[in-house]
Amino acid sequence: MLDIALIRQKPDWVKEQIAKLNDEGAVARIDIIVNLDKERREARTRIETAQAARNKLNRAMGKLRGNRAMADEEKAARAQAACRAIGETDYEGASGIMDGSTAISAGEAIDPKPAFDGLIRELRQMGDEIGKGFGLIESLEADMRSQMLWLPNLPHESVPVADSENANAPRQPVGAFREFDFEPKPHWELGPALGIIDFERGVKLSGSRYYVLAGWGARLQRALISFFLDCARANGYTELYTPYIVHSDMLYGSAQFPKFQDTVYGLADEDKYLLPTAEVAIANLHRDEILEEIELPLNYAAHTPCFRSEKASAGRDVRGIKRVHQFEKVEMFKFTTPETSYAELETMTEQAEAICAELDIPYRRLEIVTGDLGFSASKKYDIEMWSPGCEEWLEVSSCSNCETFQARRAMLRYYPAGTRKSRYLHTLNGSGLATPRVMIAIMENYQRADGSIVIPEVLRHYLGGADVIEAAGG
RNA sequence: GGAGAGGUGGCCGAGUGGUUUAAGGCGAUGGUCUUGAAAACCAUUGUACGGUCCUCCGUACCGCAGGUUCGAAUCCUGUCCUCUCCGCCA
């Protein structure tokens with residue numbers, strides 16, 4: 001979520017920033033929000049003033065009713081006088097009369113019953129109107145919130161301004177490209193031939209975009225996950241095991257909802273959803289907490305399955321395991337101060353790149369332009385591995401700084417050292433890495449003419465020292 | 001899944017529908033005292049939003065959501081969570 005104060009103060013500047021993104025309709029929300037904000041603040045000021053008067057009168061009523069030292073005749077006279085004052089909207093006066101701090105002149109004897117009934121009638125009427133007022137505030141604030149939830153994050157000033165992903169600027173690739181003396185095959189041929197990917201049975205079990213890994217395929221994946229987690233730990237990330245099913249609030253917190261609601265899988269009978277990424281679970285870990293600056297940065301990593309409906313990309317990348325409904329990923333996540341988040345983004349991205357280098361697969365970094373930033377990132381780098389079989393760059397990691405965008409939604413805050421005035425944290429997330437695509441890259445880069453696959457050096461000790469996946473399978 | 005008990009500030013823990021606007025304690029912070037510390041004493045002690053933005057004022061929040069009432073931490077309903085026992089179970 002964006003800072004409402006910023007929108008209020010510089011609506012035109014915010015519009016300019018949003019216009020750089022590929023998000024039609026978001027700019028138009030700003031005017032709606034500015035108007036709602038104005039309306040809601042006016043209502044709040046007005047209603048809360050009335051509520052303050054009413055609270056005071058009710059308290060005074062308590063004093064009048066409960067005053068044992070006061071004769072019933074005087075109470076009745078005061079009730080009647082207070083009733084008259086309220087009718088003239090003199091709430092201060094009425095309050096003083098009721099709590100006994102204002103003297104009243106003695107009049108004729110009054111029947112207490114109608115006097116109090118009249119007073120209660122006045123108070124009830126005030127209450128009814130205030131009730132309506134709070135109803136108005138509630139509906140204005142609900143409208144505001146639903147508008148705000150659809151606004152994307154603003155790009156960092158360093159992000160290149162361009163419309164589409166085609167403009168993402170790749171850096172120089174790193175690592176040696178293989179030279180094959182045969183035609184390298186795509187993984188969707190290598191996998192079934194080796195018996196390590198079973199597309200047909202995956203589809204039989206669950207439908208298209210599902211697959212079964214068997215034997216060395218399953219073991220290779222497990223080895224990769226262990227390797228990734230060990231890298232994360234060496235880099236100072238605390239490993240987490242989180243729930244894979246979370247409340248819908250968590251998806252609002254990490255900003256998948258409301259915009260990308262149709263990309264996740266939900267449970268039928270509960271307001272709970274399967275993780276599309278561990279980011280959702282980790283981003284909400286410190287929800288509604290206020291951390292101390294000395295604890296920061298907090299670095300977490302978790303391996304989870306990720307479930308994605310991929311409705312938006314129906315028909316795309318249908319071959320192989322590049323785009324599937326269920327995959328495994330190790331996610332890196334950082335909670336930092338605003339001052340350090342951009343340095344941490346560089347660190348995190350370099351850590352993801354280092355994993356590619358250790359696997360000895362050619363990779364490159366893309367600096368993502370404004371039009372391809374996505375909804376929640378202020379700045380983003382993608383990392384791609386080269387796959388010689390399908391002859392394309394595969395996105396294996398995406399590292400983002402969301403600044404305070406998620407923090408505002410999930411109430412992630414900290415006290416700067418020596419203060420008690422809380423600020424929002426910055427959140428960063430990055431894949432480190434995602435298995436199916438890294439599996440593709442390994443299979444295609446490490447394939448040999450006979451269809452066997454050499455196991456990358458760094459993975460061998462996770463696989464009992466084996467150095468090659470032979471065509472016979474494991 | 002069944003039965004019972006319970007959710008109150010950073011923590012513990014009082015709290016008859018009003019007459020102090022959550023008592024008291026612990027912790028924390030600041031101060032007094034001290035060569036220093038401890039002790040003692042004094043003061044401060046949450047979050048969000050709104051108004052003014054120097055500071056203060058106001059509103060809301062006693063798990064959450066409704067309801068009753070002029071007025072709810074307190075009464076009613078629903079719900080979530082925790083604990084104990086029973087059942088089932090990797």
Side-chain angles (χ1 to χ4, degrees), chain A residues 1 3-5 7-9 33 36-72 74-76 78-80 82-83 85-87 91-92 94-101 112-145 148 243 245-250 269-272 286-292 294-295 404 407-424:
Chain A
M1 218 140 55
D3 181 2
I4 182 62
I7 296 174
R8 199 182 292 151
Q9 286 154 18
I33 287 167
L36 277 171
D37 178 53
K38 188 156 175 272
E39 211 178 326
R40 104 172 217 289
R41 281 187 300 153
E42 281 167 3
R44 197 165 258 290
T45 307
R46 183 163 46 82
I47 307 302
E48 286 186 352
T49 305
Q51 174 73 326
R54 174 175 175 253
N55 284 347
K56 196 166 184 189
L57 289 170
N58 277 325
R59 252 176 269 131
M61 174 68 134
K63 286 188 189 174
L64 180 62
R65 276 258 161 110
N67 191 337
R68 299 215 173 105
M70 193 183 284
D72 287 349
E74 186 181 346
K75 288 185 185 178
R78 282 181 181 277
Q80 192 181 58
C83 187
I86 292 170
Y91 303 129
E92 276 299 312
S95 171
I97 291 164
M98 286 158 74
D99 69 17
S101 60
K113 179 84 165 74
F116 271 98
D117 283 353
L119 181 54
I120 285 171
R121 208 176 305 121
E122 290 288 348
L123 290 171
R124 183 190 295 142
Q125 198 188 329
M126 280 183 80
D128 287 347
E129 280 173 29
I130 289 164
K132 278 182 212 152
F134 277 118
L136 173 67
I137 291 172
E138 214 170 288
S139 101
L140 287 170
E141 293 192 340
D143 289 351
M144 268 278 285
R145 181 173 165 75
M148 292 289 283
I245 295 172
V246 292
H247 286 119
S248 62
D249 288 348
M250 307 307 129
D269 302 325
E270 294 178 83
D271 186 27
K272 290 176 185 168
H286 296 291
R287 171 182 269 268
D288 297 325
E289 295 178 22
I290 306 180
L291 305 172
E292 298 292 339
I294 194 149
E295 303 174 78
T404 61
R408 288 176 192 281
R409 290 174 172 240
M411 294 302 277
L412 310 167
R413 291 160 297 169
Y414 76 104
Y415 290 121
T419 78
R420 290 283 95 181
K421 180 83 184 147
S422 70
R423 299 172 78 197
Y424 289 110

| query | Taking it one step at a time, do A/Asp37 and A/Ile7 satisfy side chain to side chain contact (heavy atoms under 4.5 Å, CB included)? | reply | CA-CA 10 Å; A/Asp37 178 53; A/Ile7 296 174; over 6 Å; no
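- Summary of the strand contacts: A/Gln9 and A/Thr49 both lie near RNA chain B, and taking for each the nucleotide with the nearest heavy atom, the more 5' one is attributed to A/Gln9.
- Pair check for B/U34 finds none; no Watson-Crick or G-U wobble contact set falls under 3.5 Å.
- Nearest approach of A/Leu57 to A/Met98, heavy atoms of both residues: O-CE, 3.4 Å.
- A straight line from CG of A/Leu57 to P of B/U59 spans 12 Å, rounded to a whole angstrom.
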Please tabulate, for the side chains in residues 125-141 of chain A, all donor-acceptor contacts under 3.5 angstrom to protein atoms that are two or more places apart in sequence or on a different chain.
| from | atom 1 | to | atom 2 | distance (Å) |
| --- | --- | --- | --- | --- |
| A/Ser139 | OG | A/Leu136 | O | 3.4 |
| A/Glu141 | OE1 | A/Arg44 | NH2 | 3.2 |
| A/Glu141 | OE2 | A/Arg40 | NE | 3.0 |
| A/Glu141 | OE2 | A/Arg44 | NE | 3.0 |
| A/Glu141 | OE2 | A/Arg44 | NH2 | 3.3 |

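- Here the closest heavy-atom approach between residue A/Arg78 and residue A/Gly96 is recorded as NH1-O, 4.3 Å.
- Nucleotides B/A60 and B/A72, compared at atom P, are 10 Å apart to the nearest Å.
- If you check every strand for non-hydrogen atoms under 4.0 Å, A/Asp99 touches nothing.
- The nucleotide B/G71 finds no pairing partner, because no Watson-Crick or G-U wobble arrangement with both distances shorter than 3.5 Å includes it.
- For A/Gln51, a side-chain nitrogen or oxygen approaches OP1 or OP2 of B/A60 to under 4.0 Å.
- Between the C1' atoms of B/G17 and B/U69, the separation comes to 9 Å (whole Å).
- Summarising the geometry, the separation between CD on A/Glu270 and C1' on B/U79 is reported as 14 Å, rounded to the nearest angstrom.
- No more than 12 heavy atoms of other residues, nucleotides or ligands sit less than 6.0 Å from atom CZ of A/Arg145.
- Formation of a donor-acceptor pair under 3.5 Å by the A/Ser95 side chain with backbone atoms of A/Tyr91 is not found in this model.
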| Nucleic acid footprint by protein, nucleotides 44-51 of chain B - heavy-atom cut-off 4.0 Å, B for base, S for sugar-phosphate alone | --SSSSSS
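- Here, B/C53 and B/G71 have their C1' atoms 34 Å apart, quoted to the whole Å.
- Comparing the same atom, P, in B/A3 and in B/A90 gives a spacing of 25 Å after rounding to whole Å.
- The partner of B/A65, taking Watson-Crick or G-U wobble pairs whose two distances both stay under 3.5 Å, is B/U77.
- For B/C88, there is no paired nucleotide, since no Watson-Crick or G-U wobble pair has both relevant distances below 3.5 Å.
- Of all nucleotides present, only B/C83 satisfies the Watson-Crick or G-U wobble test against B/G4, with each distance under 3.5 Å.
- Atoms CG and CE, on A/Asp99 and A/Met61 in that order, are 13.0 Å from each other to the nearest 0.5 Å.
- Pair assignment for B/C26: B/G10, on the basis of Watson-Crick or G-U wobble contacts that are both within less than 3.5 Å.
- B/U47: Watson-Crick or G-U partner is B/A60, with both key distances under 3.5 Å.
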| remark: For nucleotides 63-78 of chain B, 5' to 3', base contacts (B), sugar-phosphate-only contacts (S) and non-contacts (-) with protein non-hydrogen atoms under 4.0 Å give -------BS-------
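- Nucleotides B/G13 and B/U8 place their P atoms 9 Å apart, quoted to the nearest Å.
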Name the atoms and distances for all side-chain donor-acceptor pairs under 3.5 Å in residues 408-418 of chain A, with sequence neighbours left out.
| from | atom 1 | to | atom 2 | distance (Å) |
| --- | --- | --- | --- | --- |
| A/Arg408 | NE | A/Thr404 | OG1 | 3.2 |
| A/Arg409 | NH1 | A/Tyr252 | O | 3.1 |
| A/Arg409 | NH1 | A/Phe257 | O | 3.0 |
| A/Arg409 | NH2 | A/Leu149 | O | 2.7 |
| A/Tyr414 | OH | A/Arg423 | NH1 | 2.8 |

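- Here the separation of B/G36 from B/A73, taken at their C1' atoms, is 47 Å to the nearest Å.
- Applying the salt bridge (Lys or Arg N to Asp or Glu O under 4.0 Å) criterion to A/Arg124, with sequence neighbours excluded, gives no partner residue.
- Taking atom C1' on both B/G27 and B/C86, the two are 40 Å apart, rounded to the nearest angstrom.
- Regarding A/Lys56, its NZ atom lies at a distance of 10 Å from the P atom of B/U59, rounded to whole Å.
- Look at the P atom in both B/G63 and B/G9: the space between them is 8 Å, to the nearest Å.
- Every residue meeting the side chain to side chain donor-acceptor pair (under 3.5 Å) condition with A/Glu270, not counting sequence neighbours, appears here in chain and number order: A/Lys272.
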| Intermediate values then yes/no, side chain to side chain contact (heavy atoms under 4.5 Å, CB included), A/Met144 and A/Ile4 | CA-CA 10 Å; A/Met144 268 278 285; A/Ile4 182 62; 3.7 Å; yes
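- The partner of B/C54 is absent, by the rule that a Watson-Crick or G-U pair needs both atom distances under 3.5 Å.
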